[in-house]
Structures are given as structure tokens and as C-alpha cells.
Amino acid sequence: MEISVVSTHPYHDQKPGTSGLRKQVAHFRKAHYLENFVQCIFDSQPGLRGAELILGGDGRFFNREAIQIILRIALANEIRKVTVGRAGILSTPAVSHLIRKRGAAGGIVLSASHNPGGPGGDFGIKFNVANGGPAPESVTNAIYAASREIQHYRIAQSPHVDIDHVGHTQLGEMEIEIVDPVADYADLMESLFDFDAMRALLQSGRFQMRFDAMHAVTGPYAREILEERLGAPQGTVMRPEPLADFGGRHPDPNLTHARELAELMFGREAPDFGAASDGDGDRNMILGRGFFVSPSDSLAVLAANARLVPAYRDGLRGVARSMPTSQAVDAVAQSLGIPCYETPTGWKFFGNLLDDGRITLCGEESFGTSSDHVREKDGLWAVLFWLNLIAARGESVSEIVRDHWRRFGRHYYSRHDYEEIDSDRAEALMERVRSALPELPGQEFGALRIRAADDFGYTDPVDGSISTGQGLRFLFEDDARLVYRLSGTGTHGATLRVYLERHETRPEQLDQDSQYALAPLIELAEQIADITGCTGKDRPDVVT
Ligand code: VG1
Ligand code: CO
């Protein structure tokens with residue numbers, strides 16, 4: 001097979017963000033853009049030569065084209081074998097599982113997660129390492145450094161590969177295996193949960209659920225697991241076909257973007273349980289009848305009830321949450337007498353804690369939860385965990401959560417996002433807040449007294465690596481918190497995220513609206529940062 005060495009020039013914007021390299025499709029289609037980045041992965045990861053690579057994506061526009069290009073570059077870089085999901089489909093957690101199960105040296109996931117798809121939408125590429133998890137910062141920094149120097153990439157002049165039929169083929173020296181994207185993952189789920197109890201619940205005639213796949217990657221997974229293996233009625237999975245443009249919507253599982261599901265769950269004759277996942281299948285939203293479970297609460301409830309699930313029957317070694325995630329899980333860890341770690345935003349920071357056996361469960365406020373069964377967050381896993389809990393406890397979602405609040409108090413929580421703001425203005429706002437960090441501790445604002453403030457930094461307890469500048473946080477007496485951070489996943493300008501949290505233990509105050517319960521903090525967030533003045537927006541674009 002003829003190998004071409006193509007001259008190229010570096011692009012200077014290939015720094016991976018919170019979760020891989022994410023840009024608009026048109027940007028990815030610039031000459032040599034994708035090729036450069038893939039070559040830099042191979043150049044900075046010599047361990048991939050002669051090894052196996054897992055490859056798949058969420059089915060968005062440009063997925064198939066990108067797979068063909070990556071196969072040709074992989075061949076030219078002497079990769080021994082590439083395992084590809086049929087039709088180019090593999091969810092993020094399924095890639096993580098396949099890497100681990102097959103002992104592959106790494107994997108490439110083509111996805112921009114919950115960002116919109118289609119010719120005018122976004123595309124993304126994430127590299128996962130041999131433990132199945134997202135590349136740690138040492139690796140993404142090496143890829144970025146290579147991308148600033150690259151002069152050539154290698155690509156084979158090989159024919160188009162049929163990726164639509166399961167089986168083995170050979171491309172020059174390289175083996176290609178096309179696999180069913182669902183089977184191994186579904187088997188893994190079956191090994192973790194009590195499928196008999198869940199099947200009995202779903203077939204009892206007294207329990208109804210809906211899962212919204214949002215025309216993204218989880219459709220085939222949810223159909224196989226919920227409708228085939230667990231016997232839920234056909235139609236339980238809404239919007240099941242993966243579409244290249246996700247039906248023109250954002251595949252983002254929240255009350256705004258999963259509108260039909262939200263209307264159903266808050267309407268008359270609502271089902272008992274509702275759930276949704278995102279573009280690449282790593283996020284989850286959990287709903288009960290007329291009830292929204294905040295992701296931070298969900299993590300805490302799963303931790304508190306883990307022993308009801310076969311895989312976690314012996315208890316948890318420890319838990320972890322990202323810094324902006326609410327402290328609800330900390331309270332559970334304390335009562336269980338297990339450690340609770342606080343990491344920067346992004347799944348890559350959980351990898352060492354999981355590999356080192358320090359934690360079993362972890363999660364983020366951004367609708368991400370998972371355990372040591374893979375090294376990614378896992379949307380369907382969280383949904384099945386909830387289903388297993390409901391079957392084991394014989395209670396509704398809202399009963400389970402309200403009972404949790406009575407035991408641990410409620411951590412009222414919300415995130416306010418200000419999207420597509422001018423990057424310079426966003427930086428100026430962060431600078432303004434940063435300069436307030438030393439001044440504000442000790443000051444009182446109404447009933448709120450600031451105890452401490454800092455720019456969050458993290459030292460990984462396993463390998464000692466240090467990550468700084470991970471969010472500006474104000475800690476109040478009584479465990480309230482206010483955090484400002486700029487997103488690392490957007491593709492248009494900057495997105496400011498403001499995270500708000502307050503702990504409430506008075507039994508008669510546990511059923512308030514979150515925005516109402518957090519109103520004094522919301523006001524203070526504006527006062528400290530002058531969000532309206534800096535961004536020109538008098539309210540957030542998205543509230544979760
Ligand atoms: C966001 C979330 C973060 C999550 C990341 C990737 O990052 O806040 O918690 O890990 O998305 O999720 P940021 O930097 O925009 O705040 V996914 O489902 O896009 O892989
Ligand atoms: Co995602």
C-alpha cells in the first residue's frame with residue numbers, strides 16, 4: 001500500500017479543552033486540520049505503534065468521513081489493528097469498555113458531546129488512553145505541543161473501507177474489525193445490575209418509563225437493554241435513531257433540550273420514571289413523575305444506596321466529585337466513613353483515583369455519573385442504577401430523593417450559564433472576580449458571610465501532577481458556595497458558568513424552588529462579578 005508523506009503547516013488552535021478538541025464542522029474540514037491532529041496523537045503516543053486502537057463516534061455529521069481518514073493515517077503509522085463500531089457508532093462509555101476489555105492501547109471517540117451537529121454544527125475528537133479513560137493533561141499537552149510543530153503527516157493511499165458490516169478485513173498490513181457497537185456494553189450492564197428485579201418491575205404493568213435518546217448515540221443501546229433484554233414495551237425509547245444532525249436539536253439532556261420528555265414527565269398521566277442521555281451517551285438526566293433530580297443529588301443518592309446494586313453490594317471504597325459539583329455526596333461519604341475527593345472539572349481527573357482503587361463512584365454536576373466499571377462517565381449506567389434502586393426499594397423517584405434530604409439535608413444547587421460572550425469581556429470578568437478573592441473573606445452580605453475564597457488548584461494524590469486555575473470559588477459559613485468558571489467545551493466565544501449552592505437542614509424548608517432558595521446567592525454573584533455590566537446579559541441563557 002502506498003504511503004504518502006504530506007507537507008502541512010501547524011494550526012495553533014488545537015489545544016484540547018475539557019473533553020477533547022471541539023470545533024465547528026467547517027473548521028475541522030479545513031485542509032489538513034483533522035489529519036494534523038490525528039498525526040499528532042500518533043507522534044506523541046509511540047505506544048500505539050503495533051497495537052490495537054478502538055474507533056467510533058456518536059454518528060454526527062462528518063463521523064463517517066473522519067473514520068475513513070483516521071483509518072488511512074493509522075495504517076500509515078503502523079497501527080496493528082483498528083476496531084471500529086458498525087456504521088461508525090460507539091458511545092463514549094462503550095469505547096472505554098472496549099479499550100479495557102480488549103487490552104487496546106487507546107481509543108478515538110468522534111463527538112462534540114451535547115453540542116449540536118450537522119454541517120453548521122460542531123465536531124470533536126477525543127483521545128482515550130489504555131486505561132479506557134480520557135487522556136490526562138500530560139498527554140493532551142504533548143499532543144498540543146506536537147500540533148504546534150507539525151510539518152508532515154503520513155497517510156495511506158488505501159481504498160474506502162466498508163464499516164457497515166460486522167467482521168474482519170485487512171487494509172494493507174493493518175487488521176480492521178467491525179464490531180456490533182452494543183453487545184459488549186449491554187453484557188457489561190447485565191453483569192452489574194439486578195436485571196431480574198428490573199425486568200419484573202418493567203413488566204409488572206404498574207410501572208412505566210421513557211428514555212429519550214435525543215436522536216443521538218444511545219438509541220441502539222437503550223433499545224437493546226431496555227426494550228429487548230429488560231422487556232420494556234416498544235416505544236419506551238423516544239427518538240431512538242441516531243441522526244447526523246440529531247434532528248436539528250441539541251442532544252443535551254436537560255429540561256430545555258429534552259422538551260417532550262419534560263412535558264410528559266410534568267404532565268397529567270406522567271410515567272413513573274424518565275431519563276435522557278446526550279450526543280455521545282456519557283451524560284444522564286433523571287426524572288420522576290413531576291420531579292427533577294439534580295445531578296449532584298443523583299450522585300449522592302446512588303452513593304447512599306449503592307449496596308442495593310449487585311456490583312456494589314460490598315460497599316464503596318470512596319467517592320469523588322468535581323469541584324463545582326454540590327457537596328451532597330460529601331455528606332454521604334462522611335456518614336459511610338469513606339473518603340471523598342474533590343477534583344477539577346472534566347472526567348480525566350477521576351482516572352488515577354479509579355485506577356488506584358481509591359474510589360468506586362464519581363460524578364459531576366453537569367449530568368455525569370459513573371463508577372469503576374469503565375473510565376468515562378456513563379449515561380445509561382446511571383439510568384439503570386436508578387431503575388435498580390427503584391426496583392429494590394419499591395419507592396418512587398421523589399420518595400427516594402425526599403427521604404435522602406430528610407437524612408442528609410438538601411443541597412440546593414443551580415448552575416447559570418452565560419453563553420457566547422465575547423472572550424475578552426469574559427476574561428475581564430474573571431479578572432475582576434479574581435481580584436476580589438483576597439478582599440472578600442470575612443465580609444458579610446446579608447445572612448451570607450464569606451469564610452474563604454481561592455482560585456482552585458488540584459494536586460493529584462496518585463501521581464502528584466498539579467492543575468491550577470480551575471475555578472474561582474467563594475466559600476461561606478454554613479457550607480454555601482459560589483463558583484465562577486469559564487467553559488472549556490464551547491466553540492463560539494466564551495461561556496461563563498456560575499455555580500450556586502446552599503445547604504438546608506430544616507425539615508419544613510426542604511421543598512422550595514431552587515432558584516428561590518438560592519436567590520440571595522444569585523444576587524451576590526451578580527454583585528461580585530457585575531455579570532450584566534460585563535456581558536450585556538441581564539439573565540443567564542441556560543439554568544440547570
Ligand atoms: C462541560 C462540563 C464538564 C464535563 C464536560 C464534558 O465542561 O461542565 O463537567 O466534564 O463538559 O462533558 P465545560 O468545560 O464546558 O464546563 V461531555 O458530555 O461534553 O464529554
Ligand atoms: Co457527552
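Indexing begins at 1, ligand by ligand and atom by atom, following the structure's order.
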Looking at [Y] and [X], is any side-chain nitrogen of the basic one under 4.0 Å from a carboxylate oxygen of the acidic one?
X: Asp122; Y: Arg60; answer: no
X: Glu260; Y: Arg249; answer: yes
X: Asp455; Y: Arg473; answer: no
X: Arg415; Y: Asp417; answer: yes

- request: Compare every heavy atom of Asp184 with every heavy atom of His97, then report the nearest pair and how far apart it is.
  value: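 Result for this residue pair: NE2-O, 3.5 Å.
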Heavy-atom closest contact (His257 atom, Asp252 atom, distance):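 Taking His257 first and Asp252 second, the nearest heavy atoms are CB-O, 3.1 Å.
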Among the N, O or S atoms of [X], which one sits nearest to the Co ion (ligand 2)?
X: Asp282; result: OD1
X: Asp278; result: OD2
X: Asp280; result: OD1

query: Is the Co ion (ligand 2) less than 2.8 Å from at least one N/O/S atom of Thr92?
result: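 It does not; every qualifying atom lies at 2.8 Å or beyond.
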query: Which protein residues have a heavy atom under 4.0 Å from ligand 1?
result: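 The 4.0 Å shell around ligand 1 contains Thr18, Ser19, Arg22, Ser113, His114, Lys126, Asp278, Asp282, Arg283, Thr345, Gly346, Glu364, Glu365, Ser366, Lys377, Arg415, Arg485, Ser487, Gly488, Thr489, Arg497.
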message: Could you check whether any side-chain heavy atom of Leu90 comes within less than 4.5 Å of a side-chain heavy atom of Ile54, counting everything from C-beta outward?
response: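 Counting from C-beta outward, Leu90 and Ile54 do come under 4.5 Å.
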Any donor-acceptor N/O pair, Gln24 side chain to Pro119 backbone, under 3.5 Å: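 A pair under 3.5 Å: no.
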